[in-house]
Structure formats: C-alpha cells, structure tokens
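Below, chain A is the first sequence line, B the second, and so on; all start at residue 1.
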Protein chains: 2
Amino acid sequence: MSRENGAQISLGTLLFIAQRAFEEEIVANLHAQGFEFSLSQGRLAARIAENGSRLTDLASAAGITKQSAGYLVSQLEAAGLVQRQDDPQDARAQLITLTELGRRAQLAARQAESAIEAAWQEHLGEESIAMLRRQLEALRPLVDRHQPRN
Amino acid sequence: MSRENGAQISLGTLLFIAQRAFEEEIVANLHAQGFEFSLSQGRLAARIAENGSRLTDLASAAGITKQSAGYLVSQLEAAGLVQRQDDPQDARAQLITLTELGRRAQLAARQAESAIEAAWQEHLGEESIAMLRRQLEALRPLVDRHQPRN
DNA sequence: CTATTTAGTCAGAATCACTGACTACATTGG
DNA sequence: CCAATGTAGTCAGTGATTCTGACTAAATAG
C-alpha cells in the first residue's frame, strides 16, 4: 500500500479515490436539494429494495452489523425517509421500505449518479466508462458474497 | 442509489463493493500475519511516502482533517509502525516515517495487493484488470483534487 | 415437543471523524 | 528589521458510526 513508487499506485487506492469522490458528490448534491442524511445512512438506504428489505439483509449488503443497521434505520425513520413494517411472511422480521420522501430522495440520487457518470464520460469518453462498469460488474460475483436476489 | 430489476447497478455501488473487498482482504491478510492496525490507520499509513510525509499532507491525501490524522498517527506510533521526526526544513513540521516494522508491514501489504490483483486477473483476465487500472488512473486527476480542509 | 437457528433489540464501549481555539514557526512586504 | 499574515500541528470537546455481548421472540429441524 504505497503511493508513488515508480508511478504504480495501488489498485486499492485508485478504487478508494474514485469511490469516495462518487459518493461525496452524491451526498453534496442531495444536501444541496435539501435532503438531509449522512453518508452511512445513504449507503444503507441505497440498498433498500423496491419491495422492501429486511434489516439483516441490509446489514449484510452494506457490510455492517445488524445492530449498526438498526441504528441507521432508526435515524432514517426519524428523518421520514424510510419506515418499518411487519413482514407478513415472518413475524420476527421487518420490512424496511422507502417513504414517499425516501423515494424522492432515491430518484434525486439516481439523477445525481447519472450526472456524475455523464461528467466522467465527458472526460474519459463513453467507451471508457462503459468498460469501467463492465470490469466492475465482472468483479462483483468474485468479491461480493452477498448477492441481492432483486 | 438503486439496485432493482430493470435498472443497472449504480457505478458508485460497484466501486464501493470492489474497494471494500480489496481493502478488507488486505487488512485480514496482514492481521493473519500478526500486524495490528485498523482500517483507518492502514489508509493513512498507505499514504506515507518513502522519504516521510507531513501530517497535513497525509490528512489531505486521505481526505480527513489534520486533527484526525494526528490521532491516527499517534496510534500508529504507539503500535510501533511509524515515527514522528522533526522536519529539518521546517521547525513547525514533522516528518512521519515508517519504522522498520512499518516497512515490513508495507511490504506485506504490497504482497497482499499483488495477490489480490493476481486473483482478480485469474478470473477476469490480465487484460481486463490492466484496463480497470487504466480507467481508474485516468479518472484520478478529474476526481482527486486534494482539497485541504480546516 | 425440544433444540437450534434466525430476526431484531438493548446496553455499553471503542473508534474515528468533526469544529473551534490555541501555540509556535515561517514568510512576506514595507 | 519587523509587523502582519499564513502554515504546521496540538488540545479539548463533541458527535456519528460501529462494534461486542447479552437478550427476547419467532421459526424451523429433528
């Protein structure tokens, strides 16, 4: 993990730089639109499925403990972005779903993402970004133990 | 910020998955070798230049405040991985350098990185990983403006 | 039916990040 | 030279996020 050794920057560092830039840009964009949430809350909310997600699944997808996920969901709930519902399938479980406000936030986030991708395409070319996406998608099954069933 | 049926997976999420997997693998690998440090400490240590780095520069490179960087450096120092030295050029400044132990950790980290890259190449092909690296490198100047904070 | 697993909570603590205020040294312009 | 301003780093206080461990309740396997 070193920087600047014969111009070989670690792949991990490169991923880190791109990832953080992407994430911070979205948060800044949504904040500017009046949506209030933290980075961690956003990471969790980004993983809520259309039809609702269980807390444990969210935790697993986000790579945090279910305790941490519960803490973040409570905050998102207080902010009016998500709601907890009983899972009709399993009385132990909850379904975390987006509220109307949450859905608006999600839409705004998608637009922000598209804007970032467009900006990146403008500098690197459409082909490069498509390729970047393709490599990362190919990497995912190797690396992401939690595959969402969608 | 979405992950459902028709839509693509967000580029941000893809970056997140790859980045976190890479990082966690390295930390796990080094822990298994007996090196003890946290993710945040590792992120900072990874940015220490061969000839030493200033605290403020490390903070900027890692995207945290110098106060936070100072906190992490103190921990790395206590763990015997880095040391603070006076900067002969500037009496206000320190040079954070790796100790012998720190250098061994850095070497181990580099080997862990190589192993991950090799594993990725095995699944995606050498060409794909080289391309991934190239796109990320091209992205960097767009995205990494090292904005100093506080 | 009992034993085990799974979903989620509560309580407590550690880590890591922030802001604000401060000291000490450096640099610059008159 | 020296006053003004800028930069490097620290101290103090706080907030956010995450963890571990212990727990309840429901589901499931034998």
Do the side chain of [X] and the main chain of [Y] share a donor and acceptor less than 3.5 angstrom apart?
| X | Y | answer |
| --- | --- | --- |
| B/S53 | B/I96 | no |
| B/S114 | B/R110 | yes |
| A/R47 | A/A61 | yes |

Write down the distance between [atom1] ([X]) and [atom2] ([N]), rounded to a whole number of angstrom.
| X | N | atom1 | atom2 | answer |
| --- | --- | --- | --- | --- |
| B/L95 | C/dC25 | CG | P | 17 Å |
| A/R54 | C/dG8 | CZ | P | 6 Å |
| A/D87 | C/dG8 | CG | C1' | 12 Å |
| B/F37 | C/dC16 | CZ | C1' | 16 Å |
| B/E77 | D/dG9 | CD | P | 13 Å |
| B/D86 | C/dA24 | CG | P | 15 Å |

Before accepting this row, confirm whether a basic side-chain N of the pair A/R134/A/E127 lies closer than 4.0 Å to the acidic partner's carboxylate O.
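Yes, A/R134 and A/E127 are salt-bridged.
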Is A/R103 paired with A/E100 through a side-chain N to carboxylate O contact shorter than 4.0 Å?
yes
Encode nucleotides 24-30 of chain D as B, S and - characters from 5' to 3', where the letter depends on protein heavy atoms closer than 4.0 Å: B to the base, S only to sugar-phosphate, - to neither.
-BBS---
Counting primed atoms plus P, OP1 and OP2 as sugar-phosphate and everything else as base, spell out the protein contacts along nucleotides 10-17 of chain D at 4.0 Å heavy-atom distance: B, S or - for each nucleotide, 5' to 3'.
BB----SB
More than 12 heavy atoms of other residues, nucleotides or ligands under 6.0 Å from [atom1] of [X]: is that the case?
| X | atom1 | value |
| --- | --- | --- |
| B/E122 | CD | no |
| B/E36 | CD | yes |
| A/D86 | CG | no |

Counting only side-chain N and O atoms of B/T65, is one of them less than 4.0 Å from OP1 or OP2 of C/dC18?
yes
